[in-house]
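Input: a single structure, listed below in structure tokens.
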Amino acid sequence: MQTAIATVCLSGSLDEKLEAIAGAGFKGVEIFDTDLLSFSGTTADVRSMISDLGLSVVTFQPFRDFEGMPEPQRTRNFARAERKFDVMQQLGCDLLLVCSNVSPESLGGIDRAAADLHELGERAAKRGLRIGFEALAWGRHINDYRDAWEVVRRADHPAVGLILDTFHILARGTDLRAIRSIPRDRIFLVQVADAPRLEMDYLSWSRHFRCLPGQGELPLMDFMEALQATNFDGLLSLEIFNDQFRAGSARMVATDGQRSLIYMLDQLRQRTAIPIASIPELPSRPQCRGVEFIEFAIEEGTAPFFERLLSSLGFRKSGVHKSKSVTRWRQGGINLVVNTEKEGFAHSFNITHGTSVCAFGLKVDDAASALDRARALRDRPFRQPVGVGELEIPAVRGVGGSLIYFLDDKKPLADVWDIEFEPVADADAAGDAGLLAVDHISQSMHYEEMLSWLLFYTSLLDVTKTPGQDVIDPGGIVRSQVVQTGDGSLRIVLNASQSSRTLSSRFVEEFFGSGVQHIAFATRDIFATAAQLRSNGIQLLPIPENYYDDLEAKWDLPAEEIARLKANNILYDREGSAEYFQIYTPNFENTFFFEIVERRGGYAGFGAVNAPIRLAAQARFARPPEMPRR
Ligand code: MG
Ligand code: MG
């Protein structure tokens with residue numbers, strides 16, 4: 001299959017779009033006529049730009065409201081088509097996309113439409129051009145690919161073929177079986193788009209919410225399997241109308257587009273066991289075994305304050321790096337790394353973002369193959385010079401330029417702590433608070449980036465995504481979506497907001513970019529942990545009394561249980577008989593914070609019902625004391 005992308009997917013002017021498309025490694029492009037009309041140069045300029053970039057125009061689109069028109073519109077339509085043909089010849093493009101008519105004036109009838117397309121095919125063929133016919137989900141008479149195929153079949157012209165668009169087909173839930181019996185040479189183009197499941201009219205859903213394969217919830221793989229049954233090996237093109245993409249960077253969306261196709265075709269190959277020549281075979285998605293470490297980039301002067309916080313959370317310093325200004329802090333199965341180096345990656349990260357999580361290390365089944373997969377997906381591998389006695393740990397760039405390291409149980413990576421660190425005894429250690437593991441990592445990002453990072457995680461790692469959720473912040477709505485492994489060894493919460501006043505957006509602003517906003521640790525006994533933290537001298541985020549009055553009304557909890565929750569500022573949630581307990585530290589340096597959670601009975605969520613309470617409490621707590629209380 002040859003892959004392509006439509007200019008309509010990207011932001012910017014036509015030249016910017018084309019550069020981004022070529023930069024992402026595409027060879028084919030669908031030109032949207034408005035992009036051409038709004039471009040300041042001539043069509044000849046565009047043609048030479050396209051060939052200079054090593055691209056070819058696979059389609060010119062769209063040609064609307066053509067078939068089934070009464071006179072005089074019918075005659076006018078043919079004249080209009082001839083003008084499009086002129087442009088196509090100037091562009092060096094041989095395929096015109098005709099989408100089914102939505103005009104109230106159009107007349108129904110498969111044969112009438114077939115006759116119109118036959119005549120259009122005759123005219124196109126005279127110029128060496130072709131016509132592709134696509135059923136829009138909201139077409140007036142033709143809105144089902146099976147009817148569009150019948151029109152093409154009856155048009156019976158070699159220059160007239162079918163265009164399949166996954167959105168139009170899957171949004172309507174059309175049966176896919178008929179695709180299998182369409183001769184592959186009659187399918188001139190396949191347009192791919194995913195979308196979240198939404199209850200709205202097809203037109204608005206399509207124009208604003210389409211997304212790249214893997215970012216949404218449509219059964220794209222079922223479609224691809226049906227297509228594969230025809231042995232189709234023609235053009236597969238992304239056609240995505242999305243408000244976030246129009247606001248985002250063209251280069252990011254084009255690269256994501258390439259990544260989404262590589263990932264989708266690799267999944268298809270695994271499902272059908274049929275080789276797909278155009279796409280390299282990927283190593284399988286690495287299995288995550290957990291978060292091996294989290295690394296903080298900290299300025300030397302701030303480090304004592306931060307280490308005091310870690311200490312009172314029950315961590316003890318257990319190692320000092322043999323050659324760098326880096327320490328290791330442990331509790332249960334958790335490793336935190338505090339990096340105060342004055343050069344290198346962590347240092348530059350700290351200069352940009354201040355005190356921050358600059359990296360985390362994932363334990364996977366095979367670190368080298370995880371990096372190979374990342375490369376094949378066009379993720380960005382990371383390397384920096386390795387000092388004496390240091391290991392080269394495979395790493396890839398993640399959210400906001402931070403790093404994800406891959407570790408495994410093979411030597412030498414399995415011995416990284418012994419190889420790089422000198423053990424130390426922490427004389428000042430406070431009491432262990434019973435923290436066992438990293439429960440989840442929460443990242444806040446620019447709204448336009450959210451779909452991009454969702455695709456990054458789901459294509460690279462063996463994780464699934466939950467449906468997106470809206471959380472109410474005192475400053476607006478925060479969009480939240482989780483990627484996680486089946487066993488909970490890795491849970492990453494992605495948050496983004498269009499309002500600049502939410503905590504999530506303020507984090508992105510203060511942090512100068514997207515990054516880790518909070519880390520949640522798991523405990524087996526939240527009450528014991530809370531008591532220990534108190535005696536270690538930590539002030540937990542105060543939760544208002546009203547919250548506990550409401551808890552009493554909502555759940556059938558004994559009064560003494562409520563009193564215990566209240567005394568410890570613990571937030572509570574329940575799903576069936578499964579329970580969830582949460583406590584929070586106040587923000588460190590106005591940016592990130594820690595959370596501690598206990599899951600009982602297999603609770604699978606993240607306490608979304610409590611998020612507004614927590615966000616309001618943080619907003620109150622973060623307000624400087626000199627500001628008047630409203
Ligand atoms: Mg389409
Ligand atoms: Mg959380």
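Both ligands and their constituent atoms are indexed starting at 1 by order of listing. Position 1 is the first residue of the sequence; numbering continues from there.
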From the options Tyr580, Tyr572, Tyr547, select the one residue that forms a side chain to side chain donor-acceptor pair (under 3.5 Å) with Asn610. Tyr547

Among Arg614, Glu598, Glu595, which residue satisfies the side chain to side chain donor-acceptor pair (under 3.5 Å) criterion with Gln582?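 The passing option is Glu595.
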
With respect to the Mg ion (ligand 1), what is the nearest N, O or S atom of [X]?
X: Asp165; value: OD2
X: Glu134; value: OE2
X: Glu239; value: OE1

Atom of [X] nearest the Mg ion (ligand 2) (restricted to N/O/S, atom name only):
X: Glu595; result: OE1
X: His518; result: NE2
X: His440; result: NE2

Distance from Leu551 atom CG to Ile570 atom CD1, nearest 0.5 Å? 11.0 Å

Which of these, Phe521, Phe606, Phe360, sits in a ring-ring contact (aromatic ring centres under 6.0 Å, His included) with His440?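 When ring-ring contact (aromatic ring centres under 6.0 Å, His included) is applied between His440 and each of Phe521, Phe606, Phe360, only Phe606 qualifies.
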
May I ask you to check whether Trp149 and Phe133 place their ring centers less than 6.0 Å from one another?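 For Trp149 and Phe133, the ring centres are not under 6.0 Å apart.
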
Decide yes or no on salt bridge (charged side-chain N to carboxylate O under 4.0 Å, His left out) for Lys84 and Asp33, but give the supporting numbers first. CA-CA 9 Å; Lys84 296 286 174 192; Asp33 67 353; 3.1 Å; yes

Using a distance threshold of 2.8 Å, state whether an N, O or S atom of Gln61 lies below it from the Mg ion (ligand 1). no

